[in-house]
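Here is the structure we will look at.
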Amino acid sequence: MKRFPSSLVSRPVSRAVLTVFGLLALTLALPQQAAADSRSGAAQESGKTDEPAEISAPASLKELIAKGHYLAILGDCAACHSAPGRPPYSGGGKFTLPIGTIYATNITPDRKYGIGNYTEADFARAVRQGILPDGRTLYPAMPYPSYARLSDRDIHALYAYFHDGVAPAAIPSPRNGTIWPLSMRWPLVIWRWLFAPSLRSAQLNTSDEFTDPVLARGAYLVEGLGHCGACHTPRSFTMAEQALTGHHNKAYLAGGQSIDGWFAPSLRGENRTGLGRWSESDIVAFLKTGRAPEGAVFGAMTPVVVHSTSLTTDADLHAMARFLKQLRPARVETPWVYDPAATIALKHADVSQRGASVYVNRCAACHGTNGLGYGTPGTTAFPPLAGNPVLMTRTPESVVHIIQAGDALAPVPAAPSAFDMPPFVHKLPADQIADVASFIRKAWGNDAPPVSTKTVRKLRRSMPPPIPPADLPRN
């Protein structure tokens, strides 16, 4: 669930650009043909023959703008197309890639720097097919393989919002910093041909998946606007998502890769590392408040909760949660059972276990000697460590980064209190961070592998900067 995360541009999908340029050597002889085919394909795909017919009920412009605004919240468009110090949706979100740096574009209705000259058909092609009005293909940082599921009705409302409900901002997007020949866009056409679904197949796969209207709505939101798979679905060697839908495919939402320093865990039914022990209400509480009995939001998922899911209706949150709960586990895991051994030892001042003394001195005041944290469901002040799925994932990356960089439990309308965890990167040496990370990954029945000092030092070099969700402009 997206920015770990969700938006009109999604950070994890941006890594698919690498595969596109891996195809460069295979297609050097065909650049002009590829460009011509792209224009032909764009014209064909924009025709009515590739889109399910849909008749929208008449609506006033005010109603359309309001609906489009809500859809933009569901899609978390602000996460990438807004940046601190810039007007809403004026672009500037930065994506650092091995091929260089790209920036999210200005999507305000400004005619020079934004999308003010886009027709609705232009807008629909860009959002759902990744094709610009001039025929160029967007970097797949724009998750158009997911947005292909969007209905004509919702595209119409989104266009009304961005065309008439957003203030134009005459501000250019920062210039991309990709190097030649990787800056050429025509190889992106090949990637789109190979991995982006047609509108008809995408929409029919999602609409035909469930007869239950609640599950159908949940699938539409999770697989489409929410583009949760962009972060939480594993990728093939081509860097394309291994599955774009949960329809009979256990790879979907089975856990992604590291994204900006944070590991995207499974959203399927695994007992330890997924949502197997979460109830539908737990998932709703997490999305609405960033807090749940099993853990709390952190890192790159925080802006998603602050700017998107915390503002989503309860009905849509329950639909998303119900859809996620029907996903079967992708792998079998031994059920987590609370083990009181570490608690008993700490209460008897036994700190002989590796990392126990660091935990008592630095962590127990907030998270408790029993590892259960403090707070009640929906109002968690300090999240539990016992049974926390993040602590039991195969990689300790997120845990080490939280300890080193700290984090903030941001305020949202349903949970207005904020709580900060201080950074320990300048307070604890690498070996002590490795020790305490190993302790909390082992204690209370977590039984995850230990963390080495070498790993901590390596992760320290790639430690992500703090994410300031409150700095993004609101619209």
Task: S198 and S201: CA distance, side-chain angles, deciding distance, side chain to side chain donor-acceptor pair (under 3.5 Å) verdict - done: CA-CA 5 Å; S198 70; S201 64; 2.9 Å; yes
Task: ring-ring contact (aromatic ring centres under 6.0 Å, His included) assessment of Y161 paired with H69 - done: CA-CA 6 Å; Y161 172 63; H69 186 196; 4.9 Å; yes
TODO: Let me see the working for L253 and C228 under side-chain contact (heavy atoms from CB on, under 4.5 Å), right down to the final yes or no.
DONE: CA-CA 7 Å; L253 299 182; C228 304; 4.0 Å; yes
Task: Worked verdict on T245 versus E223 for side chain to side chain donor-acceptor pair (under 3.5 Å) - done: CA-CA 6 Å; T245 173; E223 296 176 351; 2.8 Å; yes
TODO: Could you please spell out the steps behind the side-chain contact (heavy atoms from CB on, under 4.5 Å) verdict for V360 and S357?
DONE: CA-CA 5 Å; V360 168; S357 60; 5.8 Å; no
Task: Check against side-chain contact (heavy atoms from CB on, under 4.5 Å), V358 and F439 - done: CA-CA 9 Å; V358 180; F439 177 79; over 6 Å; no
Open item on the list: side chain to side chain donor-acceptor pair (under 3.5 Å) for T369 and Y359? Distances and angles first, verdict last.
Closed with: CA-CA 9 Å; T369 54; Y359 181 80; over 6 Å; no
Open item on the list: Quick one, Y252 with V222, criterion side-chain contact (heavy atoms from CB on, under 4.5 Å). Give me CA distance, side-chain angles, the key distance, then yes/no.
Closed with: CA-CA 11 Å; Y252 185 67; V222 172; 3.7 Å; yes
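Checked for salt-bridge contact, R322 and E280 meet the test: a charged N lies under 4.0 Å from a carboxylate O. We find that D152 and R128 are joined by a salt bridge, their nearest charged nitrogen and carboxylate oxygen being less than 4.0 Å apart.
Residues R217 and F210 fail the side-chain proximity criterion, which asks for heavy atoms closer than 4.5 Å. Looking at heavy atoms from C-beta onward, Y338 lies in side-chain contact with L372 at the 4.5 angstrom threshold. In this structure, the side chains of R149 and L244 come closer than 4.5 Å at one or more pairs of heavy atoms. A 4.5 Å side-chain heavy-atom check between P450 and K442 finds every atom pair outside the cut-off. Proximity of P145 to P197: side-chain heavy atoms (C-beta onward) are separated by under 4.5 Å at one or more points. With a 4.5 Å cut-off on side-chain heavy atoms, K288 and S310 do not count as touching.
The backbone N or O of A78 sits nowhere less than 3.5 Å from a side-chain atom of H307 that would complete a donor-acceptor pair. At distances below 3.5 Å, at least one donor-acceptor pair connects side-chain atoms of R272 with backbone N or O atoms of T334. Between the side chain of H401 and the main chain of W262, no donor-acceptor pair closer than 3.5 Å is present. When atom types are taken as modelled, the side chain of R291 and the backbone of L287 share no donor-acceptor pair closer than 3.5 angstrom. Using a distance-only test at 3.5 Å, with no hydrogens or angles considered, a donor-acceptor pair links the side chain of R235 to the main chain of A230. With S82 contributing its side chain and Y89 its backbone, the two residues share a donor-acceptor pair below 3.5 Å. For T393 (side chain) and P389 (main-chain N/O), no donor-acceptor pair under 3.5 Å exists by modelled atom type. Here the side chain of R268 pairs a donor or acceptor atom with the backbone of R328 at under 3.5 angstrom. Remark: the backbone N or O of V451 is paired with a side-chain donor or acceptor of S438 at under 3.5 angstrom. Remark: the backbone N or O of P383 is paired with a side-chain donor or acceptor of H367 at under 3.5 angstrom.
Residue L317 holds its CG atom at 10.0 Å from CG of L311, rounded to the nearest 0.5 Å. Residue L391 holds its CG atom at 8.0 Å from CH2 of W444, rounded to the nearest 0.5 Å. Between the CD1 atom of I433 and the CZ atom of R362 there is a distance of 10.0 Å, given to the nearest 0.5 Å. One distance of note links CG of D435 with CD1 of I440; it measures 11.5 Å at 0.5 Å rounding. E397 CD to I402 CD1: the interatomic distance, rounded to the nearest 0.5 Å, is 11.0 Å. Distance check, rounded to the nearest 0.5 Å: SG of C366 to OH of Y374 gives 8.5 Å.
At a cut-off of 3.5 Å, with distance as the only test, a side-chain donor of Y70 or D316 sits close to an acceptor on the other residue. Side chains of T273 and E333: a donor on one and an acceptor on the other come within 3.5 Å. Side-chain contact check for R460 and Q404: at least one donor-acceptor pair (N or O, by modelled atom type) lies under 3.5 Å. Under the 3.5 Å distance criterion, with hydrogens and angles disregarded, a donor-acceptor pair is assigned to the side chains of S452 and T455.
Of all non-hydrogen atoms in Y220 and L150, the two that sit nearest each other are OH-CA, 3.5 Å. Taking both residues in full, the closest heavy atoms of K325 and W278 are given as NZ-O, 2.6 Å, listed atom of the first, atom of the second, then distance. Scanning all heavy atoms of the two residues, the minimum distance from S90 to R86 falls at O-NH2, 2.6 Å. Across every non-hydrogen atom of A342 and A443, the tightest pair is CB-CB, 3.7 Å. When all heavy atoms of P143 and H227 are compared, the closest pair comes out as CG-CD2, 3.8 Å. Shortest non-hydrogen contact noted between M142 and L138 is CG-CD1, 4.0 Å.
Residues passing the side-chain hydrogen bond (donor to acceptor under 3.5 Å, both in side chains) test with S279 are D282, sequence neighbours excluded. Residues meeting the side-chain hydrogen bond (donor to acceptor under 3.5 Å, both in side chains) test with R441, sequence neighbours left out: none.
Remark: K67 NZ is packed, more than 12 non-hydrogen atoms of other residues, nucleotides or ligands lying under 6.0 Å away.
W336 pairs with exactly one of N446, N271, D447 by the side-chain hydrogen bond (donor to acceptor under 3.5 Å, both in side chains) rule, that one being N446.
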